[in-house]
Amino acid sequence: MHDGGCTCGKVRYRLTDDPIVVHCCHCRWCQRETGASFALNAVIEADRVELLQGEPECIDTPSESGRGQPIFRCPECKVALWSHYGAVKDKADFIRVGTLDDPDSCPPDVHIFTRSKQPWVVIPEGVEAYPVFYSGEDVIRIYGEDGARRWRALKDG
């Protein structure tokens, strides 16, 4: 299990399973939104995220797609804890790895949107990396069999 929370401690959560996949996104939108060189998100089924304390507030923010993006933040310190994205919407939480008590336990499985990464960011040799996004054919290799099965269940369910 992985526990995490915001800076002030008002909101605490627990992942009751390992993430399906950890994305390191280098798109300009994530750079702008986080104020950093990339966003690191651990993707996990929403029903496998247990609130231990507090209740995050949902802030709907604009997104590059035009559909918007809900970001769940601590109502006190405003730290972003997770978001919902794309096809699976609220069925999966994209946990901000930096809010985990042990963020080292969730290194990236894949780097995406590397075409817009900061030029000084060096992606290690042999790591899964894609100029934009990977294809469905890459999912099993990146996620593993169990992760791919869990992701399909979210998309199909």
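Quick note: residue numbers are just sequence positions, from 1. Because only heavy atoms are used, hydrogens play no part in the values below, and waters and symmetry mates are left out as well, while side chains stay in.
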Can you find a heavy atom in the side chain of H23 that is under 4.5 Å from one in the side chain of I142?
no
Is the closest side-chain heavy-atom distance between H111 and K117 below 4.5 Å?
no
Closest approach of A92 to V43 (non-hydrogen atoms, all atoms of both residues):
CB-CG1, 4.3 Å
CD (E57) and CG (L81) are apart, to the nearest 0.5 Å, by 10.0 Å
H26 and F113: aromatic ring centres closer than 6.0 Å?
no
Using a strict cut-off of less than 4.0 Å between a Lys/Arg side-chain nitrogen and an Asp/Glu carboxylate oxygen, indicate whether R150 and D18 qualify as a salt bridge.
no
Restricting to non-hydrogen atoms, name the atom on E76 and the atom on C8 that form the minimum distance, rounded to 0.1 Å.
CB-SG, 3.8 Å
Considering all heavy atoms of both residues, which atom of S37 and which atom of Q31 are nearest to each other, and what is their separation?
O-CG, 3.4 Å
Taking D93 for its side chain and I44 for its backbone only, find out whether a donor-acceptor pair lies under 3.5 Å.
no
Taking Y130's backbone N and O only, do any of them form a donor-acceptor pair with T114's side chain (distance below 3.5 Å, no angle check)?
yes
Less than 4.0 angstrom from a charged side-chain N to a carboxylate O is my criterion; do E33 and R96 meet it?
yes
Are the side chains of Y85 and Q69 in contact, using a 4.5 Å heavy-atom criterion?
yes
Please give me the minimum heavy-atom distance between C77 and C6, naming the atom from each residue.
SG-CB, 3.6 Å
Within the structure provided, determine whether I95 and P19 are in side-chain contact (heavy-atom separation under 4.5 Å).
no
Under 4.5 Å between any side-chain heavy atoms of P108 and L40, yes or no?
yes
Verify, without hydrogens or angle tests, whether E45 (side chain) and A153 (backbone) share a donor-acceptor contact under 3.5 angstrom.
no
Do you reckon L100 sits in the same ILVMFWY cluster as L51, going by side-chain contacts under 4.5 Å, direct or chained?
yes
Looking at C30 and C25, what are the two nearest heavy atoms and their distance?
SG-SG, 3.7 Å
Find out whether D102 and H2 are in side-chain contact, i.e. whether some heavy atom of one side chain is under 4.5 Å from a heavy atom of the other.
no
For V97 versus A42, what's the shortest heavy-atom pair and its separation?
CG2-N, 3.7 Å
Test of understanding: clusters of I, L, V, M, F, W, Y form through side-chain heavy atoms closer than 4.5 Å, transitively. Do V22 and L15 belong to the same one?
yes
Single-linkage hydrophobic cluster, 4.5 Å side-chain cutoff, I112 and V139 together
yes
Y143 side chain reached by D109 side chain, heavy atoms, under 4.5 Å:
no
Linked, directly or transitively: L154 and I140 (ILVMFWY side chains, under 4.5 Å):
no
Taking the side chain as every heavy atom from C-beta outward, state whether D138 and V110 have any atom pair closer than 4.5 Å.
no
Just one of F94, W82, Y13 clears the side chain to side chain contact (heavy atoms under 4.5 Å, CB included) bar with F72, so which one?
W82
